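Everything on this sheet refers to the single structure shown next.
What you see below is based on every heavy atom in this structure, not just the backbone, and it leaves out hydrogens, waters and symmetry mates. Model, not experiment: these values are computed from the prediction.
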Amino acid sequence: MSQQPQLVRSKLPISGRIVMFFIRHIQHAMGSMGELWRNPVSSLMTMAVLGVSLSLPAALQVLVKNAETITQSWNSAAEISLFIDEGRSERSIQSLISRISAYSEVSAVSYIDRDKALEEFQRLSGFGEALAYLDENPLPAVITVTPSIKYASPNGARELLKKLELEPEVSFGRLDIEWLERLQAVVRLLERTVMAIAALLVLAVVLVIGNTIRLAIMNRRTEIEVMKLVGATESFIQRPFLYTGIWFGVIGGILAWVIINLLVWYLDGALASLLGLYGSTLEMQSLTLVELGELILLASFLGWLGSYLSVRQHLRAIEPS
């Protein structure tokens, strides 16, 4: 009798074997899902732990992504101020503006003459009455240069500044990007922090799923012994546990995505108020559909890995007495 199923299976064509292969996997996948619903409390608690564990590195990744977006927007707004030598005529200054505008590294050029510079200083400094007693305007004319996107980075802007300071009409230039470099250093630190925390939480997810599968194996010890007595293969026995781990990962990944969206919705208003102080109107970005797919794939792989390690260790220890 034990040889008849093997004989029947061998008579199936290749297409039939392929169909039966997928049918068996679907049956085990649905059966493992049903097993989860038969233990709803413990299953939901495990999924909640996985969702929170996966949401932490995902939240940091969202934070890094938004920080990079903000940094790029401020990069494009970086400006170089060129202070013109005193005594330069308007004609020579306009010639300088024309030459600078022709630079491929320059996106835009604006000019503030001495009178306008003094007027703005009087309005903004609060020393308007005192400045009125000056015999002559002490402020130089200023040309403001906006670098192109290629030269908007700190290193590119410095390179452009050195080139502009070689112009004979320019007394000196100023580029205030130290704050931008600090911001970029913070972003790089956040990226490394994300990687370190993600590695630790990935290990935690694998351990949680492995322990959960171990308990499930112990609870079904008698059933596994009977299956081994009747000749069931190890792959047949371990397949439902592997699908259980995958379901844990998939649902945990979806819960992590829900948590991330709630966090983004909660923080979006506060971020908008903060960026409004700096004249920016960027909206906080959440996980894209591609990132959601990557998160679910990663979570399902971790679920499979944790269950596989647990199954390989504990199934071999169960032998029918």
Checklist line | S310 side-chain N/O to S307 backbone N/O, donor-acceptor pair under 3.5 Å | finding: no

Next item on the list: Could you check if a side-chain atom of V170 sits within less than 4.5 angstrom of a side-chain atom of L96, using non-hydrogen atoms only?
Entry: yes

Check: Could you give the distance from CD1 (I209) to CE (M47), rounded to the nearest 0.5 Å?
Finding: 10.0 Å

Next item on the list: If you link ILVMFWY side chains whenever their heavy atoms are less than 4.5 Å apart, which other residues fall into the same cluster as L203? By chain and number, please.
Entry: L207

Notebook entry, point to check: Quick one: do L189 and L56 end up in the same hydrophobic cluster if we chain Ile, Leu, Val, Met, Phe, Trp and Tyr together by side-chain heavy atoms under 4.5 Å apart?
Noted result: no

Item checked: Atom CE of M30 with >12 non-hydrogen neighbours under 6.0 angstrom -> yes

Next item on the list: Examine distances only and state if a side-chain atom of S95 and a backbone atom of R91 form a donor-acceptor pair shorter than 3.5 Å.
Entry: no

Notebook entry, point to check: Do V62 and V258 share a hydrophobic cluster, counting only Ile, Leu, Val, Met, Phe, Trp and Tyr and linking them when any side-chain heavy atoms are less than 4.5 Å apart?
Noted result: yes

Checklist line | Atom of S107, atom of P147 and distance for their closest heavy-atom approach | finding: CB-O, 3.5 Å

Notebook entry, point to check: How far does CG of N261 sit from CG of L292, to the nearest 0.5 angstrom?
Noted result: 8.5 Å

Margin query: Restricting to non-hydrogen atoms, name the atom on F241 and the atom on I213 that form the minimum distance, rounded to 0.1 Å.
Written below: O-CD1, 3.7 Å

Next item on the list: Any chance you could measure I254, atom CD1, to L50, atom CG, to the nearest 0.5 Å?
Entry: 12.5 Å

Margin query: Distance check, rounded to the nearest 0.5 Å: I84 atom CD1 versus I112 atom CD1?
Written below: 11.0 Å

Margin query: Could you see if I260 belongs to whatever hydrophobic cluster contains L297? Use Ile, Leu, Val, Met, Phe, Trp, Tyr and a side-chain cutoff under 4.5 Å.
Written below: no

Check: What's the shortest heavy-atom distance between A157 and I80, and which atoms?
Finding: O-CD1, 3.7 Å

Item checked: Over all atoms of both residues, closest heavy-atom pair of V142 and S81 -> CG1-CB, 4.2 Å

Next item on the list: Pick out which of E223, R221, M227, K228 makes a side chain to side chain contact (heavy atoms under 4.5 Å, CB included) with E225.
Entry: R221

Notebook entry, point to check: Heavy-atom count around Y111 OH within 6.0 Å, excluding the residue itself: above 12?
Noted result: yes

Notebook entry, point to check: CD1 of I246 to OG of S300: how many Å apart, nearest 0.5 Å?
Noted result: 6.5 Å

Margin query: I'd like to know if E159 pairs up with K163 as an ion pair, taking the criterion as any Lys NZ or Arg NE/NH1/NH2 lying under 4.0 Å from an Asp or Glu carboxylate oxygen.
Written below: no

Item checked: same_hphob_cluster(V194, I197) at 4.5 Å side-chain heavy-atom cutoff -> yes

Check: Just by modelled atom types, is the E105 backbone N or O under 3.5 Å from a matching donor or acceptor in the S148 side chain?
Finding: yes

Note to self: With a 6.0 Å cut-off (strictly less than), is the heavy-atom count around CE of M45, excluding the residue itself, greater than 12?
What the structure shows: no

Checklist line | From NE2 (H314) to CG (L309), nearest 0.5 Å | finding: 10.0 Å

Notebook entry, point to check: Is L215 reachable from V311 through a run of I, L, V, M, F, W or Y residues, each pair having side-chain heavy atoms under 4.5 Å apart?
Noted result: no

Note to self: Which heavy atom of L54 sits nearest to which heavy atom of G253, and what is that distance?
What the structure shows: CD1-N, 3.9 Å

Check: Where the side chain of R88 meets the backbone of P168, is there a donor-acceptor pair that is under 3.5 Å apart?
Finding: yes

Next item on the list: Begin from the C-alpha positions of L82 and L161 and carry the test side chain to side chain contact (heavy atoms under 4.5 Å, CB included) through to its verdict.
Entry: CA-CA 9 Å; L82 301 176; L161 174 61; 4.3 Å; yes

Margin query: Walk me through whether Y103 and L160 qualify under side chain to side chain contact (heavy atoms under 4.5 Å, CB included).
Written below: CA-CA 10 Å; Y103 283 14; L160 177 59; 4.3 Å; yes

Checklist line | For S53 against L201, the heavy-atom pair lying closest together | finding: O-CD1, 3.3 Å

Next item on the list: Take atom CG of L166 as the centre, draw a 6.0 Å sphere, and report whether it contains more than 12 heavy atoms from other residues, nucleotides or ligands.
Entry: yes

